[in-house]
Amino acid sequence: MKKTIIAVFILLFSLQSCKESDKKKDSVPVNKEISDLSIYNLPSKWTTQDGKDIELKSLKGNVLVMVMIYTSCKAACPRLVADMRDIESKLDKNTKQHVKLILVSIDPKTDTPEKLKDFAIANKMNQDPWLFLRSSEENTREFAAVLAVNYKQISPIDFSHSNIISVFNPDGELIFQQEGLGVNNDKTITTINQEAEKI
């Protein structure tokens with residue numbers, strides 16, 4: 001009888017220690033390497049509407065929804081901003097905290113952090129999940145090339161530019177693009193929500 005009790009005790013103890021080692025395995029964070037396709041490889045520095053300097057890799061772990069605009073634009077940009085607002089309104093409330101909606105300026109000379117801040121406040125976009133970024137002209141061109149966004153200054157205050165909203169997964173890889181103004185965004189919303197659910 002004693003032997004049976006001891007055997008059961010040993011068995012229970014060994015099962016418990018297996019469970020604990022499994023828990024330890026599960027709770028160890030996996031530091032996944034950044035792939036060659038990730039925007040987090042770009043070494044460029046960016047400034048937010050609050051004047052804070054960041055690198056893109058500081059956004060790692062979030063789903064990024066990005067569009068390139070300039071604040072003095074009177075034609076396509078207000079429509080792109082409206083499209084971004086529409087996307088925000090349809091995000092899953094349970095996973096929205098894992099999404100960043102980012103507007104990147106193609107006119108860094110004019111769009112100072114102060115200008116971006118004023119624009120953010122005027123458009124009620126000066127809080128999470130909204131973020132405005134500007135950098136040097138060289139960094140902006142490099143980033144636009146990654147997004148396949150073409151832009152060209154056509155006058156001292158005007159730019160001609162592509163109308164593309166890009167979605168990046170938490171590892172900074174481009175996974176979807178919505179092209180055009182006021183287009184159906186169902187696929188964009190689905191892609192964002194599905195990626196955010198994985199976090």
Side-chain angles (χ1 to χ4, degrees), residues 22-44 46 48-49 52 54-69 76-106 116 120 123-135 139-140 142-151 161-199:
D22 285 348
K23 275 183 196 166
K24 281 175 192 166
K25 275 182 204 166
D26 291 345
S27 64
V28 175
V30 179
N31 280 337
K32 202 170 145 192
E33 268 190 48
I34 295 172
S35 84
D36 292 341
L37 302 173
S38 175
I39 57 170
Y40 301 138
N41 290 308
L42 297 173
S44 49
W46 296 81
T48 70
Q49 74 266 34
K52 184 180 170 192
I54 66 165
E55 288 183 31
L56 294 175
K57 64 184 174 189
S58 69
L59 302 169
K60 190 173 187 245
N62 295 290
V63 178
L64 309 182
V65 185
M66 303 181 109
V67 66
M68 298 190 85
I69 62 153
C77 299
R79 186 63 251 185
L80 284 169
V81 169
D83 288 347
M84 289 286 279
R85 279 182 174 291
D86 189 48
I87 287 169
E88 189 219 8
S89 73
K90 295 174 181 174
L91 294 178
D92 186 329
K93 288 178 177 41
N94 297 320
T95 55
K96 190 175 175 179
Q97 74 268 23
H98 301 304
V99 179
K100 296 277 181 211
L101 297 161
I102 303 170
L103 294 91
V104 180
S105 174
I106 59 173
L116 293 175
N123 287 280
K124 298 185 170 73
M125 301 163 92
N126 195 38
Q127 70 286 332
D128 276 340
W130 300 102
L131 183 65
F132 288 77
L133 296 177
R134 68 174 296 282
S135 190
N139 289 342
T140 305
E142 180 184 43
F143 190 63
V146 170
L147 300 186
V149 168
N150 296 310
Y151 68 94
H161 60 89
S162 309
N163 301 313
I164 298 174
I165 294 173
S166 304
V167 181
F168 292 84
N169 69 17
D171 296 316
E173 297 156 345
L174 182 63
I175 54 169
F176 187 76
Q177 288 190 306
Q178 173 181 303
E179 195 164 354
L181 299 171
V183 298
N184 183 300
N185 61 16
D186 291 349
K187 184 84 167 55
T188 309
I189 303 299
T190 302
T191 303
I192 297 165
N193 286 334
Q194 283 177 348
E195 280 300 314
E197 273 173 28
K198 296 176 190 174
I199 300 172

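Note that the structure is a prediction, hence the values are computed from the model and not measured.
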Of the non-hydrogen atoms in [X] and [Y], which two are nearest, and what is the gap between them?
| X | Y | value |
| --- | --- | --- |
| Asp86 | Lys90 | OD2-NZ, 3.1 Å |
| Lys60 | Pro170 | CG-O, 3.6 Å |
| Ala196 | Val63 | N-CG2, 3.6 Å |
| Ile164 | Leu80 | N-CD2, 4.5 Å |
| Trp130 | Leu103 | CE3-CD1, 3.6 Å |
| Tyr40 | Asn62 | OH-O, 4.2 Å |

Is a donor on one side and an acceptor on the other found under 3.5 Å between the side chain of Gln49 and the backbone of Phe132?
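Yes, the answer is positive, given that a donor and an acceptor are paired below the 3.5 Å cut-off.
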Quick one: pull up [atom1] in [X] and [atom2] in [Y] and give me the separation to the nearest 0.5 Å.
| X | Y | atom1 | atom2 | value |
| --- | --- | --- | --- | --- |
| Arg134 | Ile106 | CZ | CD1 | 13.5 Å |
| Ile69 | His161 | CD1 | NE2 | 8.5 Å |
| Ile34 | Asp171 | CD1 | CG | 8.0 Å |
| Thr188 | Glu179 | OG1 | CD | 11.5 Å |
| Cys77 | Asn163 | SG | CG | 7.5 Å |
| Met84 | Met66 | CE | CE | 8.5 Å |

Side chains of [X] and [Y]: closer than 4.5 Å at any heavy-atom pair?
| X | Y | result |
| --- | --- | --- |
| Ile87 | Gln178 | yes |
| Met125 | Val81 | yes |
| Glu195 | Val167 | no |
| Leu64 | Ile39 | yes |
| Thr95 | Leu91 | no |
| Lys96 | Glu88 | yes |
| Asn185 | Asp83 | no |
| Met68 | Thr140 | yes |

For the pair Val65 and Ile165, evaluate side chain to side chain contact (heavy atoms under 4.5 Å, CB included) and give the outcome as yes or no after the intermediate values.
CA-CA 7 Å; Val65 185; Ile165 294 173; 3.6 Å; yes
Could you give me the CA-CA distance, side-chain angles and deciding distance for Ser35 and Glu173, then say whether side chain to side chain donor-acceptor pair (under 3.5 Å) is met?
CA-CA 8 Å; Ser35 84; Glu173 297 156 345; 2.7 Å; yes
With sequence neighbours left out, write down each residue that passes side chain to side chain contact (heavy atoms under 4.5 Å, CB included) with Gln194, or none if nothing qualifies.
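Side chain to side chain contact (heavy atoms under 4.5 Å, CB included) list for Gln194, sorted by chain: Thr190.
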Going by the angle between their ring planes, with limits at 30° and 60°, are Trp46 and Phe143 parallel, tilted or perpendicular?
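Plane angle over 60°, so perpendicular.
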Out of the candidates Asn139, Thr48, Leu116, only one should pair with Leu133 under the side chain to side chain contact (heavy atoms under 4.5 Å, CB included) rule; please name it.
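When Asn139, Thr48, Leu116 are each tested with Leu133, the side chain to side chain contact (heavy atoms under 4.5 Å, CB included) holds only for Thr48.
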Should we count NZ of Lys52 as having more than 12 external heavy atoms under 6.0 Å?
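No.
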